[in-house]
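Below is one structure, written out as structure tokens; comments come after it.
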Amino acid sequence: MDGKILLFGFEDLPAILAVSAAAEPFGAEVVPVARGDYGRPIAALAGLEGGIGVPYAGGPLGGRMMVLCGLEDRVPALLPVLAQAGAGPDCLKAVLTDHNRGWNALRLFEELRRERRALSGK
């Protein structure tokens with residue numbers, strides 16, 4: 001596997017397994033992130049650097065989110081397959097970048113929600 005997909009807010013095993021099966025042909029390892037790790041930097045969760053972050057003891061994010069790490073060249077082909085596996089428009093999606101790699105899940109989720117509201121005019 002040469003890329004990872006971090007899953008946030010995926011609470012049931014069938015949903016995780018469906019995404020994993022869809023991602024496997026693309027060489028992507030699916031990593032469900034435990035709620036207690038939501039305070040850690042995204043790059044650390046992807047195994048790209050160290051970073052403890054702030055322990056998280058709060059509730060769910062308010063929706064599902066996935067972060068694609070090291071899969072930039074496969075995004076156009078991967079997104080429709082992930083949507084067919086159940087990670088459609090209701091699931092926020094991001095690519096790990098130099099800009100967001102130090103963010104934690106809470107910050108990234110809020111930024112993606114803000115961007116979605118701005119794009120939809122709400």
Side-chain angles (χ1 to χ4, degrees):
M1 302 284 170
D2 56 2
K4 291 185 181 179
I5 301 176
L6 304 178
L7 301 181
F8 300 86
F10 283 73
E11 304 290 333
D12 58 298
L13 185 58
I16 295 167
L17 292 175
V19 171
S20 185
E24 185 178 14
F26 294 89
E29 175 188 0
V30 171
V31 181
V33 178
R35 193 177 298 169
D37 288 330
Y38 286 3
R40 295 185 62 207
I42 299 294
L45 295 172
L48 300 174
E49 59 188 49
I52 296 172
V54 178
Y56 181 74
L61 288 174
R64 296 186 308 166
M65 174 176 73
M66 59 176 48
V67 181
L68 288 73
C69 310
L71 298 165
E72 295 81 3
D73 60 328
R74 288 162 268 181
V75 169
L78 188 54
L79 288 179
V81 174
L82 291 172
Q84 288 178 343
D90 63 315
C91 178
L92 298 174
K93 297 166 195 74
V95 172
L96 181 69
T97 66
D98 287 338
H99 184 72
N100 67 19
R101 67 186 298 115
W103 296 2
N104 64 29
L106 305 168
R107 181 169 179 198
L108 182 57
F109 187 81
E110 285 307 314
E111 177 63 19
L112 292 173
R113 283 181 49 184
R114 185 191 66 75
E115 289 176 4
R116 180 171 281 182
R117 283 192 303 271
L119 289 172
S120 68
K122 294 180 181 179

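Because only heavy atoms are used, hydrogens play no part in the values below, and waters and symmetry mates are left out as well, while side chains stay in.
Between Asn104 and Ile42 the shortest heavy-atom distance is C-CD1, 4.1 Å. Closest heavy-atom contact between Leu78 and Leu71: CD2-CD1, 4.0 Å. When all heavy atoms are compared, the tightest approach of Ala21 to Pro25 is O-CD, 3.3 Å. In terms of heavy atoms, Pro41 sits closest to Gly102 at CB-O, 4.0 Å. Of all the heavy atoms in Glu72 and Leu96, the pair that sits closest is OE2-O, 3.7 Å. Here the closest non-hydrogen pair linking Met66 and Ala87 is CE-CB, 3.6 Å.
Listed by chain and residue number, Arg114 satisfy the side-chain hydrogen bond (donor to acceptor under 3.5 Å, both in side chains) test with Glu111 (two or more places apart in sequence, or in another chain). Legend: residues meeting side-chain hydrogen bond (donor to acceptor under 3.5 Å, both in side chains) with Asn100, ordered by chain and number and at least two apart, are Thr97.
The stretch residues 39-69 participates, sequence neighbours left out, in these ring pair (Phe, Tyr, Trp, His ring centres under 6.0 Å) pairs: Tyr38-Tyr56.
Between the CG atom in Leu112 and the CZ atom in Arg116 there is a gap of 8.0 Å [rounded to 0.5 Å]. With rounding to the nearest 0.5 angstrom, the NZ atom of Lys4 is 5.0 Å from the CD atom of Glu29.
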- request: Output, in order, the C-alpha distance, side-chain angles, deciding distance and verdict of side chain to side chain contact (heavy atoms under 4.5 Å, CB included) for Leu92 and Leu61.
  value: CA-CA 11 Å; Leu92 298 174; Leu61 288 174; over 6 Å; no
field: Residue pair Leu45, Phe8: steps toward the side chain to side chain contact (heavy atoms under 4.5 Å, CB included) verdict
entry: CA-CA 11 Å; Leu45 295 172; Phe8 300 86; 3.9 Å; yes
